[in-house]
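We name chains A, B, ... by the order of the sequence lines, and we start the count at 1 in each one. Note that this is a predicted model, so its numbers are computed, not measured.
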2 protein chains.
Amino acid sequence: MKLELTKLMDPGSRLTEQRALIYKIISDGGQHLDADEIYSRARQKSARISLATVYRTLQKFKQMGIIDELHFGQEHHHYETRQEGEHYHLVCRSCGKVIEFTYPLSSKIKKDVMEARDFKIVGAEVNMTGYCRRCRK
Amino acid sequence: MKLELTKLMDPGSRLTEQRALIYKIISDGGQHLDADEIYSRARQKSARISLATVYRTLQKFKQMGIIDELHFGQEHHHYETRQEGEHYHLVCRSCGKVIEFTYPLSSKIKKDVMEARDFKIVGAEVNMTGYCRRCRK
DNA sequence: ATTGATAATGCGAATCATTTGCATTAATAA
DNA sequence: TTATTAATGCAAATGATTCGCATTATCAAT
Ligand SMILES: [Mn+2]
Ligand SMILES: [Mn+2]
Ligand SMILES: [Zn+2]
Ligand SMILES: [Zn+2]
């Protein structure tokens with residue numbers, strides 16, 4: 001994965017141990033981690049990393065477009081590596097479980113909305129909340 | 001508007017000046033206000049209100065279902081009175097302007113997703129980001 | 001109208017998430 | 001190998017939201 005990242009790094013920015021580790025944690029680890037979870041997982045691997053570095057790295061990855069920030073209506077955010085096709089999320093109001101789903105939203109809705117509102121869409125976040133099967137019964 | 005609220009109040013909870021004022025500000029005022037904006041508008045009307053009360057009231061209204069909380073990827077949230085039909089939002093990455101749009105998402109997508117993932121959907125938030133006409137040219 | 005129980009408020013302190021300043025460390029190009 | 005300077009760690013700062021508690025005021029029952 002170090003190799004993958006190398007290519008992704010912006011010119012002028014450096015590939016550090018911490019960045020490689022954080023990237024690995026986000027891509028390998030269970031999906032949709034938050035900064036604190038990434039931090040504690042990183043600590044288990046490398047004692048020498050700070051929460052500030054986690055936040056700084058998340059910002060950088062986000063602006064580089066290799067991760068996406070998710071807003072599930074909580075006071076903190078979650079992160080995931082950028083996927084090929086867009087996908088959206090279902091969040092269980094009871095247990096917090098996150099389920100991913102794809103839907104051909106993008107293509108049509110974007111086109112319609114862009115035309116109707118004269119707005120150039122570059123990103124979409126769709127979050128639905130409700131109750132998963134387990135929590136329902 | 002005091003009359004409207006009366007009916008909406010939960011049994012046991014009280015209709016105070018502060019609550020009526022906050023409700024009025026959210027419904028009258030320009031859309032999608034955040035807690036701080038609501039607070040400062042409230043201060044102009046009534047010197048005697050605290051930010052804590054604004055937050056507590058927002059929580060209460062939210063759980064009562066008379067307002068909705070929006071998550072535009074910022075560190076704080078925005079609020080609007082609950083509308084009849086669902087509607088979604090376009091947020092300009094350049095000027096921050098919020099444009100509303102409706103789309104027959106709900107019906108079909110919900111049905112499909114509920115069936116395919118066995119998930120009972122009770123709420124949906126759709127936020128798209130991009131650039132408004134003004135900012136584009 | 002008066003009163004009593006207690007929900008809600010104001011205020012300041014506390015908490016949580018994220019950012020920032022700065023001295024130190026380390027990646028990388030020459 | 002070395003010099004440049006991006007990135008890090010740490011602690012302090014900031015911003016958003018919540019909490020504790022004494023005080024106030026709503027509202028149901030006199
Ligand atoms: Mn996902
Ligand atoms: Mn709206
Ligand atoms: Zn669940
Ligand atoms: Zn704009």
Sequence-distant partners of [X], side chain to side chain contact (heavy atoms under 4.5 Å, CB included), two or more places apart:
X        : answer
B/Arg41  : B/Ile25, B/Leu33, B/Glu37
A/Arg43  : A/Tyr39, A/Ile49
B/Gln83  : B/Thr81, B/His87
A/Arg117 : A/Val113, A/Phe119, B/Leu90, B/Ile99, B/Phe101

Write out a two-atom table: protein N or O, nucleotide N or O from nucleotides 22-26 of chain D, distance below 3.5 Å.
residue: D/dT26; atom: O2; partner: B/Arg14; partner atom: NE; Å: 3.2
residue: D/dT26; atom: O2; partner: B/Arg14; partner atom: NH1; Å: 2.8
residue: D/dT26; atom: O2; partner: B/Arg14; partner atom: NH2; Å: 3.3

- Item | Proximal nucleotide (of D/dT8, C/dG10, C/dT9) relative to the B/Arg19 side chain |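 Closest nucleotide to the B/Arg19 side chain: C/dT9.
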- Indicate whether any N or O donor in one side chain lies under 3.5 Å from an N or O acceptor in the other, for A/Tyr79 and A/Asp68.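 No, because no side-chain N or O of A/Tyr79 sits under 3.5 Å from a partner of the opposite role on A/Asp68.
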Closest non-hydrogen atom pair between [X] and [Y], with its separation:
X        : Y       : answer
B/Thr53  : B/Ile22 : O-CD1, 4.3 Å
B/Ala124 : B/Glu86 : CB-OE1, 4.0 Å
A/Leu58  : A/Ala35 : CD2-CB, 4.0 Å
B/Lys62  : B/Ile67 : N-CG1, 3.6 Å

- Item | Under 4.0 Å protein heavy-atom contact, by nucleotide of nucleotides 12-17 of chain D - B base, S sugar-phosphate only | ----SB
- Query: Between the main-chain N or O of B/Tyr23 and the side-chain N or O of B/Ser27, is there a donor-acceptor pair closer than 3.5 Å?
  - Reply: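 Such a contact is found between B/Ser27 side chain and B/Tyr23 backbone.
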- Task: Could you list who else is in A/Phe72's hydrophobic cluster, with ILVMFWY side chains joined at under 4.5 Å, directly or through other members?
- Result: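 Same cluster as A/Phe72: A/Leu70, A/Val91, A/Val98.
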- Task: Verify the cluster assignment for A/Leu21 and A/Met64: are they in a single hydrophobic cluster under the rule of side-chain heavy atoms below 4.5 Å apart?
- Result: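 Yes, same cluster.
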- Which value, rounded to the nearest 0.5 Å, describes the distance between B/Met128 atom CE and B/Tyr88 atom OH?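 Between B/Met128 CE and B/Tyr88 OH, I get 10.0 Å after rounding to 0.5 Å.
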What is the separation between atom [atom1] on [X] and atom [atom2] on [N], rounded to the nearest whole Å?
X       : N      : atom1 : atom2 : value
A/Tyr39 : C/dT18 : OH    : P     : 14 Å
B/Gln74 : C/dA17 : CD    : P     : 19 Å
A/Glu37 : C/dC16 : CD    : C1'   : 16 Å
A/Arg43 : D/dG9  : CZ    : P     : 9 Å
B/Asp10 : D/dC27 : CG    : C1'   : 16 Å

- Task: Applying side chain to side chain contact (heavy atoms under 4.5 Å, CB included), run through A/Ser13 and A/Arg19 and close with a yes or a no.
- Result: CA-CA 11 Å; A/Ser13 77; A/Arg19 287 180 177 176; 3.9 Å; yes
N/O to N/O distances under 3.5 Å, protein versus nucleotides 20-25 of chain C:
residue: C/dG21; atom: O6; partner: A/Arg56; partner atom: NH1; Å: 3.3

- Which residue, B/Gly12 or B/Thr53, contacts DNA chain C at a nucleotide closer to its 5' end, judged by nearest heavy atom?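 Counting from the 5' end, the first nearest nucleotide belongs to B/Gly12.
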- Going by the side-chain hydrogen bond (donor to acceptor under 3.5 Å, both in side chains) test, which pairs reach into residues 121-135 of chain A, not counting sequence neighbours?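 Listed by first then second residue: A/His71-A/Glu125, A/Arg93-A/Thr129, A/Glu125-A/Asn127, A/Arg133-B/Asp118.
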Are any protein N/O atoms closer than 3.5 Å to N/O atoms in nucleotides 13-15 of chain C? If there are, list each pair with its distance.
none

- Can you sort out the partners of A/His78 under side-chain hydrogen bond (donor to acceptor under 3.5 Å, both in side chains), two or more places apart, ordered by chain and number?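 For A/His78 there are no side-chain hydrogen bond (donor to acceptor under 3.5 Å, both in side chains) partners, ignoring immediate neighbours.
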- Dot-bracket pairing map - DNA chain C, Watson-Crick plus G-U, both contacts under 3.5 Å, | cross-strand: ||||||||||||||||||||||||||||||
